[in-house]
Novice: 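Supplied in structure tokens, the structure appears directly below.
Side chains are part of it too, since the values below use all heavy atoms of this structure and drop only hydrogens, waters and symmetry mates. The chains referred to below are lettered A, B, ... by the order of the sequence lines, with proteins before strands, and numbering in each begins at 1.
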Amino acid sequence: MPELPEVETTLRGISPYVSQSQIKQLIVRESRLRWPIPEDLSQHLEGATIGVPWRRGKYLLLPIGTSGTLMIHLGMSGSLRIVDPDLAPRKHDHVDLVLESGRALRFHDPRRFGCILFTETPREHPLLRDLGPEPFDTVFDGRFLYRQSRKRKTSVKAFIMDSHMVVGVGNIYASESLFAAGISPTRAAGNISLARYERLAQAIQGVLSASIAQGGTTLRDFVNATGNPGYFRQTLNVYEREGELCRVCETPVKMARQAQRATYWCPHCQS
DNA sequence: CAGCACTCCTGTTCGC
DNA sequence: TGCGAACAGGAGTGCT
């Protein structure tokens with residue numbers, strides 16, 4: 001399931017192939033994604049040249065000529081691959097962006113939680129304009145988390161997963177970051193000290209950058225732009241390790257459900 | 001506004 | 001062995 005490191009891995013994988021490439025044809029085999037693919041999308045894309053792709057949170061953004069930007073979200077089962085356009089599409093290969101270079105960018109998404117949209121003004125788009133800072137932005141630090149969390153009764157885990165606070169922290173990395181910081185996921189966000197938020201901000205950055213360095217976490221079916229898995233899974237300390245022993249203190253890892261999401265933590269190392 | 005529950009979807013896993 | 005049920009989850013939406 002793509003989280004920020006997977007999206008970043010995808011961005012780096014596809015960029016060399018799509019940047020400065022002209023779009024020959026848009027092929028939509030299934031338009032029913034999270035939101036329908038705009039019916040007039042091919043008019044915006046065909047014949048246009050793609051600029052330098054970028055990322056905001058988990059959204060991949062491909063500048064299209066001078067007219068706008070293609071927004072792609074991978075949802076939780078989506079992936080993008082560079083393929084030979086003649087390669088027969090598999091099940092759930094919903095969209096191809098055929099390039100003049102002789103390759104195609106192919107969007108695959110079994111659960112169809114992803115989306116492909118077009119906007120003339122990406123930074124003002126409702127899905128992007130209210131997002132919190134990037135975890136590697138200078139404004140994101142312990143003081144930021146501390147300030148934002150005052151008087152918040154929600155759990156610290158739900159708090160750091162809120163993309164209006166900080167983008168890119170999904171379910172896996174929320175558990176892993178809280179473990180690294182030694183903070184119990186059930187603790188109320190508003191009751192955590194500045195010192196602990198300093199640790200947490202650093203933990204989030206450390207966990208995310210380590211995962212990016214490993215090519216993302218392959219849990220079930222994530223593959224990068226060349227179809228290879230990521231290797232961060234072997235590094236996970238608590239996620240999906242219920243009942244297994246903490247790598248630090250050998251206490252069994254616990255699992256509980258918070259807001260319909262599984263949370264994993266070590267009851268000895270985290271308080 | 002804050003804090004929830006609900007919703008979309010299909011592949012995988014589980015229980016009988 | 002086969003079947004249906006439960007489960008997984010990013011994040012927008014809508015209700016209290």
Novice: Hey, does R257(A) reach any base, or is it just sugar-phosphate, or nothing, if we go heavy atoms under 4.0 Å?
Specialist: sugar-phosphate
Novice: Can you check whether any acceptor in the base of dG10(C) is under 3.5 Å from a donor in the side chain of R111(A), or vice versa?
Specialist: no
Novice: Taking 4.0 Å as the cut-off, does a side-chain nitrogen or oxygen of Y239(A) come that near to OP1 or OP2 on dG9(C)?
Specialist: yes
Novice: Does a side-chain heavy-atom distance below 4.5 Å link L11(A) with W54(A)?
Specialist: no
Novice: Surrounding CZ of R32(A) (heavy atoms of other residues, nucleotides or ligands, distance under 6.0 Å), is the total greater than 12?
Specialist: no
Novice: Has S77(A) got a side-chain N or O lying under 4.0 Å from the OP1 or OP2 atom of dG11(B)?
Specialist: no
Novice: NA contact type, R112(A), heavy-atom cut-off 4.0 Å: base, sugar-phosphate, or nothing?
Specialist: sugar-phosphate
Novice: Is the count of non-hydrogen atoms from other residues, nucleotides or ligands lying under 6.0 Å from R112(A) atom CZ greater than 12?
Specialist: yes
Novice: Less than 4.0 angstrom between a side-chain N/O of H164(A) and OP1 or OP2 of dA11(C), yes or no?
Specialist: no
Novice: Using a 4.5 Å cut-off on heavy atoms from C-beta on, say whether the side chain of T69(A) contacts that of H125(A).
Specialist: no
Novice: Name the residue closer to the 5' end of DNA chain B, choosing between K151(A) and R261(A) according to the nucleotide with the nearest heavy atom.
Specialist: K151(A)
Novice: Reckon Y59(A) touches a base, only the sugar-phosphate, or nothing at all at heavy-atom distances under 4.0 Å?
Specialist: sugar-phosphate
Novice: Under 4.0 Å, heavy atoms only, any strand: does A262(A) hit a base, just the sugar-phosphate, or nothing?
Specialist: sugar-phosphate
Novice: I want to check one thing: is the phosphate of dG11(B), taken as OP1 and OP2, less than 4.0 Å away from some side-chain N or O of K91(A)?
Specialist: yes
